[in-house]
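Encoded as structure tokens, the structure appears first; notes follow it.
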Amino acid sequence: NEVKRMKFKKATMEDFDAAFDFIEKLWSYNTYDKDEIKDIYRQVIDDPACSVFFAVENGQYRGFCHCAFFHTFWLSGMTCYLSGIITAEDVRGKGYGVAIMDEVKRQAAERGCKGIVLDSGMPRTEAHAFYEKYGFDKGCYGFDLIF
């Protein structure tokens, strides 16, 4: 089973091109300035309140994940905000997303989180089905106020 050979690799600056590729695919309805994203990526991977990692199997990047950990009143304590999770298109439906989500759950539990929250763009209907199958509930609407 390929998923069993998969490892999680903490993101580094050397991985930026792979991360940027995933970021562009995750939010394909957005446009990105690569230099600007590189600066943000550097800040995020250096932030101890964040976890950014890749799912790697046989030297190939199979997925990418970014989550942040902070206290919220909503969950009355430490919360894991899953900012982005994506698997490579050619391995979808093969268990990689579940394995990445299981790793997020492990990290959230390790940090004492009371839960994982996320929002997902309206066009990402396949992702919504995945989240619901994994056990997430639709708990709210997401709103953006972009400047």
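With hydrogens and angles ignored, the 3.5 Å screen pairs no side-chain donor or acceptor of Lys114 with any backbone N or O of Thr79. Checking side-chain atoms of Ser120 against main-chain N and O of Leu118 turns up no donor-acceptor pair under 3.5 Å. Here the side chain of His128 pairs a donor or acceptor atom with the backbone of Gly121 at under 3.5 angstrom. Under the 3.5 Å distance criterion, the side-chain polar atoms of Arg92 are matched with a main-chain donor or acceptor of Thr87. Within the 3.5 Å criterion, the main-chain N or O of Ala49 finds a donor-acceptor partner in the side chain of Asp47. A donor-acceptor pair is defined here as one N or O able to donate and one able to accept, closer than 3.5 Å; no such pair exists between the side chain of Asp137 and the backbone of Gly139.
Using the six-membered ring where Trp is involved, Tyr81 and Phe70 have ring planes that are tilted, between 30° and 60° apart.
If you take CD1 on Ile40 and CD1 on Ile45, they are separated by 13.0 Å, rounding to the nearest 0.5 Å. Between the CG atom of Asp17 and the CD atom of Glu14 there is a distance of 11.0 Å, given to the nearest 0.5 Å. Distance check, rounded to the nearest 0.5 Å: CG of Asp33 to CG of Asp35 gives 5.5 Å. Remark: Phe53 CZ to Cys50 SG distance equals 12.5 Å, nearest 0.5 Å. Taking CD of Glu24 as the reference point, atom CD1 of Ile37 lies at 9.0 Å (rounded to 0.5 Å). In this structure, the separation between CD1 on Ile86 and CZ on Phe64 is 9.5 Å, given to the nearest 0.5 Å.
Counted within 6.0 Å of NZ on Lys34, heavy atoms from surrounding residues, nucleotides or ligands total more than 12; the atom is thus considered enclosed. No more than 12 heavy atoms of other residues, nucleotides or ligands lie within 6.0 Å of NZ in Lys7, so this atom counts as exposed by the packing criterion.
Here the side chains of Met78 and Leu75 are not in contact, with every heavy-atom distance at 4.5 Å or above. Side-chain contact between Met6 and Phe54: absent, with no pair of heavy atoms (C-beta onward) separated by less than 4.5 Å. Taking 4.5 Å as the limit, some side-chain heavy atom of Val104 sits within range of a side-chain heavy atom of Cys80. Contact check for Phe69 versus Cys113: side-chain heavy atoms found under the 4.5 Å cut-off.
When each of Glu103, Glu110, Gln107, Arg111 is paired with Ser51, the side-chain hydrogen bond (donor to acceptor under 3.5 Å, both in side chains) condition holds for Gln107 and for no other.
Between Asp102 and Arg106 there is no salt bridge, since none of the side-chain N atoms of the basic residue sits less than 4.0 Å from a carboxylate O of the acidic one. Between Glu132 and Lys138 there is a salt bridge, since at least one side-chain N of the basic residue sits less than 4.0 Å from a carboxylate O of the acidic one.
Side-chain N/O atoms of Tyr61 and Asp15 include a donor and acceptor closer than 3.5 Å. No side-chain N or O of Asp46 forms a donor-acceptor pair with one of Tyr41 less than 3.5 Å apart.
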request  = Go through the steps to decide whether Arg62 and Val56 satisfy the test side chain to side chain contact (heavy atoms under 4.5 Å, CB included), and finish with yes or no.
outcome  = CA-CA 5 Å; Arg62 299 298 194 191; Val56 181; over 6 Å; no

inquiry  = I'd like to know whether Tyr141 forms a side chain to side chain donor-acceptor pair (under 3.5 Å) with Asp119, so could you lay out the CA-CA distance, the side-chain angles of the two residues, the decisive distance to 0.1 Å, and finally the verdict.
reply    = CA-CA 8 Å; Tyr141 287 99; Asp119 51 45; over 6 Å; no

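When the side chain to side chain contact (heavy atoms under 4.5 Å, CB included) test is applied to Ala109, no partner is found at least two apart in sequence or on another chain. Considering only residues two or more places apart in sequence or on other chains, Arg42 meets the side chain to side chain donor-acceptor pair (under 3.5 Å) condition with Asp39.
Side-chain heavy atoms closer than 4.5 Å link hydrophobic residues (I, L, V, M, F, W, Y) into clusters, and following such links, even through other members, never connects Ile85 to Val117.
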